[in-house]
Each structure stands twice: as structure tokens, then as C-alpha cells.
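Here's the structure we're looking at; comments come further down.
Just so it is clear, the values below take in all heavy atoms, side chains as well, and ignore hydrogens, waters and symmetry mates. Here the structure is a predicted model, which is why all the values come from computation and not from measurement.
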Amino acid sequence: MHLHLLQKVWRFPKTVLKRFVSDLLRILLLSNRPRRMAQAGFVLPTTVLLVLMVVLTATALTYRTVNRSQMNIAQREQVRVANVAAPAIDRAKSKIEFIFTNDTRLTSGLPTPEVLASLMLATPYPDTVDQLVPGKDPFTLPGETRLDINNDGKLDNAWSFVDGNTGETVAYSILVEDKGLTAPTITVTSPVNIAKARALVTRTGPVAATSPSPVCSNARAEAGWQVVDSGSSSTLQKNFQINVFVPNASDVNRTLEAFEFQQSRIAERGNKWAAWFRYDLDISPGGAFTMNGAMHTDSNLLVSGPETNSKFEAFKISSEKSCVYGKEASEITVGVGTSTNTFEGQIVRGSVVTNAYDTTAATKAIFHIWAGDDKAPTVANLTTQNDSVNGGTPGDIAVNPIKLFTEDKLEPLGSGWSRDNAAWEANPIRNGGTNGAPRVFNRRMPKPFVDDLFRADNRWGPKPRYSETIASLDIANTSNKVGDPIDSSLELLNNAQLGLDGFWERQAIANGLRLVVGERLELGDPLRWNSTDAPDTPTNTNRLYPPNAAPRVPATGTPITIGTNEYRQKRSLRDNLAAVQGMVVYHYKINSGKFPAACVAFTSHPGTLNTIVNSRTFDSYPKLNTSTNIAIKTDFFNGVGTDGWEFAFPSTFNTPSGFATEIASNKPLGVALRNLARFAGDPKGGAPSFPAVQDSDIHPAPYFNMWGDFSTLRRVIESYDGMSSSLTAQQKYDALNAADQATLHSAACTVSMLAYNAYNDYLQATRDLEDYVPTGLNAYLNQVVSAIQDIAA
């Protein structure tokens, strides 16, 4: 039997029963209703549909309400989380700002991305920079924790902190690398992917505000810094990428916030400046004088052409076809004051030398002005009618040099003049003309505050201040004077390695080579002391220095003094052959850079060709040479063999401990140093290493100074001798700062070489005498020699 038929038979009773019940119900319903109700067959479906529509509508509205509530809650949580994340941006920006404004490790050149990253790391990359504060991590703020965001086992420039108001955890990072350290093939131009993120490479380079100049479209980066703007080829940019991530701690409404912020820093190319002055820049050429590129003076710019054929012309840095041509590449800027100093640098057609405004031809002060990319510059002239001042004299406008040097303040010397804003602002040199850019204008330029002018002596000066913003680093805010000790609490100034006082010397001690040239000791003028002055020589002279006035021509008849000022300048060029001067050499890997590795004869005599050649000879004493010893000839009395010889300190003081012992007042070296200090050192001299003494006398006194100014040595020895008698010789020596120790080392180098010279000269003379002394007297001569040897030893 077929399956289909079987199914039919099986279902038949069910079908019959279902139909019977349906018919029965129909009859009962119809029999109990009026006839007219037979037309109302759609009421039930309509009711069902209506109820269904109401239910569906209510359900949809309820669902939308719930969904909208959840969206509002999530949005509110998102805003709350975003508000929590925003301060992380400020934290990152403050760290970047600290690097460029307060971090003393930042070099004057362009720092590479590795150096920039190292500056913020708790443990800097090898061979980059040292820790800002040894053993501490100042870039991790209170409450922050450093993170390892690329899972390499090393802490990165990434931090997390818990928001005190909401309890949310905030994580942020600062990326600066343009090339991966562990993956050099990954660079800033690589595709954005997980590998690039793990290499800690920034997503992009600095973003340009304008399109590149056509002639500089392929300009390459320099140390990770790039030229990105048209007309700004003299400036480079480096971007810092800040990433922030905040996961919401709520288990009910979990939201996340992640965003990225990029900051570009701008740096001047190192070769931008043709001239950079703190004092007035007074350009008064005797002939035609031209200058290319940018200039800056914190004071005033004065230009004149006083002579018949003289003129000044300020060209752009290069041709308009050059890649380095641009607006900023040749800007000339003058000083402007701060919120507490209303000084404003002036642009003057005149000169302080003549103290007069220059009313000669306009074409004697010419400035070239940028007119556009790939366009030849326009030319404008500076005259007394369109410069920035009215009235007074250039001498009144000039900056007070005493105030500038001693207090780091800019203020004019006089009054009676005013700024001529109307004329200056209308000058094309200032406003750039119709389509150009300004060439000369006022702008404040940051200046370095590391003390690159003086020694690491832990004493104030000669710079009066070391910061624009930190009041405690300004001597004007203390009761100190230049030369006074710096309080030990000012670690920013006197930190052994990173202190701003004598910064470069501290760096050389810790990481490099240090060369300290000692004071030159003049030994007299034997050529003139034993001669008679020529008849045209002024009578008001001494035997060590040249006259104060020029020779008179002719010697007889009516005398005419010629070249007085030029001849007076020869005082500083005078070169007596009888002189001794040494240089001490330090290296950071020898005695920790604090004790000399060598003493070098450094007494050159460039007066004539013969004197400079003689000072570089390398001879020996013929009668003092043996098979085991060669006595090198260094004749400081006659300027022969005095430059270039390397000496070692005698064995008695060639170590720090030995030197500390031998500078005691009862030791031969100590006696020699004190005799030298008292012979050629003024007890009231030594400024600015020590406080200046102002009285009716000149300091250092000329009588002392004519032999060489050893006043600093004298003040150092007085400080040493003034220490407590309870201290040992080593403790006294260790209490001296690095600069004062170097003063003692260089003086010891000088007197030791002089003693070597004198001793060997005497031995050579005795050997010469032996040729003429009868044999019977040799024993007596040897006794004399032995006695002198005992004294010299």
C-alpha cells in the first residue's frame, strides 16, 4: 500500500470530526443572533488588529524611550570621561614646554628625536643625555605611574593616573620618534599599523600651515626636524604626538574615550643668524659693507655711511631661486621689553661712534625686502625721515652697557627723543610694501641662560640672572653681589653636573675634555731693561709695558704724534719674550675629570715670524743628555721651545691626594704658590670671581698686574688658608670648587715649568763652566751644585 494513501486514511477521522464541530458551532451562533448581525463578520478581526496596533505602538515607544535613555546615559558618561581625559593633554603639554624652556640638558643645536625622548625618560637612552636629577624622575608627576606601552620590558614616555573626582584611570603617552629604535625600517612615512605603534613612531610628521615653496618641495629633514612651510626655509618643525585613553570604570554603562593631539615645535636653523647681539648693533663701515641673512640685537640697530665711499646693504640670505630663500631666513629683529620692562629697540639712521644722525645719501643704507617665492626682492632705503626715532642723539638712544652687564636690564642712556611710529610703520622696510614681508621689526628672541662665559665656581656672576621666570635665579632679588657664594639650596645653579653656573665646565668635567689656560707670568723685558730709549720715545713709560702715547715724528723739530689710538692698542698686543704660561688638560675618564692629566707649555710668541718659530722648537740641553735621560730645553726667559711641550706634575703632587698635601703653607709647592700670589696678585682684585672692591685705588693694582694678574690665585689661597684649622689638608682641598682647584692646578703647572727651566739652565751653565774650571776646583763646584740641587728640590 502506498504511503500517501495510508496518510489519507489516517487523517480521515480527524477531518470529519473537525468539520462536524465547526458546522455545529456555526448553527448555534446563527440561531441566537438577529439576522442583521450576519453582516458584522469583520468586528473581531478589526478589534484584534486595533489591539495589536496599540500594543505594537506602546512597545515601540517604550523601546525607543529605553533606548534613548541609554543613549543619553552613555553620552553623559562619554562627556564625563572626555572631561576626565582633557587634563592629560595639559599634563603632556606642560612636560613638552618644560623641555624647551627649563631643561638645562637641551642642547643649543637641533635635538634629535632620540634626545627629545631621552629627556623625558626615567632612564635615558644610552649615549644621549644624563638624568635631569640623578636617581629621580621629575617627568613623572605626583600620583602618576610610568607605563610600558609596547611590551618591551622598558618604561616608556607614557603615564597613568587616577582622577581624584571621578575615580577614572587616565593613560596618556608622548611620542616624538620619527624612526623606530629597535625597528629602524619603520619610519614616520611607514603605513599606519600596529608595528608602527609598537615602534613608538609618530603617526605623521609636522603639519604644514601652507604648501611648500616650489623650489623647496623636496627639502629633507634635519635631525628629525623638517621644513614644512612656504617662506620659512630657515625654520624647522618637529611634532609631538600625544595619545590619551580613558576606560570608564562603570560596569553598567561602559564607555571609552581615546583621542590624539599633535603639537609642532619650531626651531631656528643653527646657521640662520649672520649676527646676534645683546648690545647695540652699530654698523658704520668705512667702505662698502654688505651682509646676507638674518640679524638680531636685543638692543638697537644703528646704520650709517659716514665716509664718502661707505654704505651698508642688507641682502637676503641667497637668491630667490635658492631653497633657503624665504621670509624668515633673512629677518632682522631688534629688542622688545617684557611686562616689567617697557624697553623697545630702535632702528636708527645714525651712529653712536659719531653721536649724530646720518643725513648723507639715502642709498647708503639699503635693505632688500622679500616680495614672494621665486621673486626678486624689492629694495628700500633707511633715512632719518623714515627711521623709528625723533629728536635726541644716537648716544641718548644707546643702551646703558653697565645696566645691561650688571643687571641684565635694557634701558637707554638718555632722554630727549621719542619713537616715530607713524614714519616707521609706513616704511616698506617695516611693513614689507604692497605684497612683501617685513624685513626689520621688533621681536623678543629667547636667549640661553647657561653660563657659557665663566667658570663653575659656585659664585654669582658675571651674569646677573639665569632665568626669565624664576625669581630666585636673579641676583637682583637677593642681597648678594657678583662674586658672592651661591646658596647651596639653589641646585639649579650649583648642581655638580647640571648647574647653570659655569654649565659647560661642569659638563666637561663629567663628560668631556677640559682645557684650562693659566695666567701668563711676565718675567721682565730684558731687551729694553738693558738698553737706552730712542729719542722719539715718550718719557712716561715703564720697562714692562709700551708707552701710553705714540712715537713722535720727526724726533727733532716740531714733533707730530701720529696714530695715538692705534699705538695705544698695542699695549694689549705687547709680547715680551720673557714669560711663562701653562695649560692644564683634564679628561673625564682620568681622575673623574677633576685632576689634570697633563701640564702643557702654552707660551707662544706671535710677534714676528722668528719669535713664533722659536717658541715651537723642540730641542734639548746638549750637556744634560745621557743615554737614559734627555733634558728637554724650554727657555721661557728667551722665548725658545715654550709652546707645545707636555709635562707631568712631579711625583710628589701628581695625584689628587698628593696635590692636596703639597699645597699646604709649609710645603715647597705651597710656598711657591703663595709667593707667586703675593708677588703678582692684588688682595683686593679677583673680580668677578670674587666681589669687586671699590675704593680710591685701581684693582688689580698696576704694580701687581704688570707681571700678570694672579689676583684670583691670591683670593683662592686666602680662602683655603681661612678654613678651619681642624680640617685636614685633603678636606680643605675638597672644599674648594672645581674652578678654584683648576686655578691652583694651572698656577702649579706654570711655576713647575719655570722651576724646571731655571734648574736645567743652571745645570747647563755649570757643565759649561766645568770646561774652564781647573780640575782641582771641580770638587768645590760639585758641592755648590749639590747645595743648589737641595734648594731646588
Side-chain angles (χ1 to χ4, degrees), residues 94-109 111 119 129-134 136 138-139 268 276-279 296-299 335-341 343 399-411 444-512 514 686-692 712 737-740 742:
S94 67
K95 293 179 180 182
I96 297 172
E97 189 66 23
F98 177 85
I99 289 175
F100 287 95
T101 56
N102 296 95
D103 199 325
T104 57
R105 299 169 297 169
L106 189 68
T107 61
S108 58
L119 292 172
V129 296
D130 296 310
Q131 288 181 306
L132 180 61
V133 181
K136 297 182 181 180
F139 281 87
E268 305 287 354
W276 209 105
F277 277 66
R278 283 282 286 135
Y279 188 55
H296 173 77
T297 171
D298 274 353
S299 304
V336 63
T338 63
S339 58
T340 58
N341 184 359
F343 175 83
V399 161
N400 186 329
I402 303 300
K403 286 283 187 179
L404 178 62
F405 182 77
T406 60
E407 301 180 34
D408 197 27
K409 291 183 179 179
L410 294 167
E411 60 181 49
R444 186 182 302 115
M445 299 298 296
K447 58 180 180 293
F449 276 97
V450 294
D451 192 348
D452 53 355
L453 301 176
F454 215 60
R455 308 293 304 282
D457 58 6
N458 295 339
R459 289 187 284 265
W460 284 100
K463 285 192 174 183
R465 61 174 173 165
Y466 295 86
S467 173
E468 293 278 10
T469 57
I470 304 176
S472 62
L473 303 186
D474 188 340
I475 195 174
N477 297 322
T478 72
S479 58
N480 296 294
K481 298 180 296 183
V482 171
D484 285 341
I486 296 172
D487 191 273
S488 59
S489 63
L490 290 178
E491 192 175 6
L492 284 172
L493 292 184
N494 55 26
N495 178 271
Q497 183 171 341
L498 301 172
L500 297 179
D501 173 62
F503 176 81
W504 295 116
E505 182 167 18
R506 298 177 193 272
Q507 287 292 297
I509 294 172
N511 304 296
R514 185 166 51 130
S689 293
F690 293 89
T712 300
N737 58 65
D740 289 351

- What do you reckon, is CD of E491 surrounded by more than 12 foreign heavy atoms closer than 6.0 Å?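 No.
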Quick check: closest heavy atoms across [X] and [Y], and the distance to 0.1 Å?
X: P134; Y: Q131; answer: CA-OE1, 3.7 Å
X: L410; Y: S299; answer: CD2-OG, 3.6 Å
X: W460; Y: L473; answer: CZ3-O, 4.0 Å
X: G686; Y: T712; answer: CA-OG1, 3.8 Å
X: G483; Y: P691; answer: O-CD, 3.4 Å
X: L132; Y: P138; answer: CD2-CG, 3.8 Å

- Query: Taking atom OG1 of T101 and atom CD of E97, what is their separation to the nearest 0.5 Å?
  - Reply: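 CD of E97 is found 5.0 Å from OG1 of T101.
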- From CZ (F100) to NZ (K95), nearest 0.5 Å: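 The distance works out to 15.5 Å.
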- Should N511 and D130 be marked as a side-chain contact (heavy atoms from CB on, under 4.5 Å) after you check the CA-CA gap, both sets of side-chain angles, and the distance that decides it? CA-CA 10 Å; N511 304 296; D130 296 310; 3.5 Å; yes
For [X], what residues pass the side chain to side chain donor-acceptor pair (under 3.5 Å) criterion, not counting sequence neighbours?
X: S489; result: D487
X: N494; result: none
X: N102; result: none
X: E407; result: K403, K409

Do [X] and [Y] make a side-chain contact, defined as non-hydrogen atoms from C-beta onward lying under 4.5 Å apart?
X: I509; Y: R514; value: yes
X: R455; Y: N737; value: no
X: T406; Y: V482; value: no
X: D740; Y: R459; value: yes

- Task: Report the residues that fulfil ring pair (Phe, Tyr, Trp, His ring centres under 6.0 Å) with Y279, sequence neighbours left out, ordered by chain and then residue number.
- Result: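 Checked Y279 against ring pair (Phe, Tyr, Trp, His ring centres under 6.0 Å); zero matches.
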- Listed by chain and number, what are the ring pair (Phe, Tyr, Trp, His ring centres under 6.0 Å) partners of F139, not counting sequence neighbours?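 Partners of F139 under the ring pair (Phe, Tyr, Trp, His ring centres under 6.0 Å) test: F98.
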- Message: Assess the residue pair L492 and Y466 against the criterion (side-chain contact (heavy atoms from CB on, under 4.5 Å)); give the C-alpha distance rounded to whole Å, side-chain angles, the decisive distance to 0.1 Å, and a yes or no.
- Response: CA-CA 9 Å; L492 284 172; Y466 295 86; over 6 Å; no
- Item | D298 (side chain) donor-acceptor with R278 (main chain) under 3.5 angstrom |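 Absent.
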- Do R506 and D501 sit within salt-bridge range, that is, some charged N less than 4.0 Å from a carboxylate O?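 The answer is yes: the pair qualifies as a salt bridge.
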- When you check the gap from the basic side-chain N to the acidic O, do D103 and R105 get nearer than 4.0 Å?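 The answer is yes: the pair qualifies as a salt bridge.
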- Task: With S472 as reference, evaluate N477, L490, L493 under the side-chain contact (heavy atoms from CB on, under 4.5 Å) test and give the passing residue.
- Result: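 Among N477, L490, L493, the one meeting side-chain contact (heavy atoms from CB on, under 4.5 Å) with S472 is L490.
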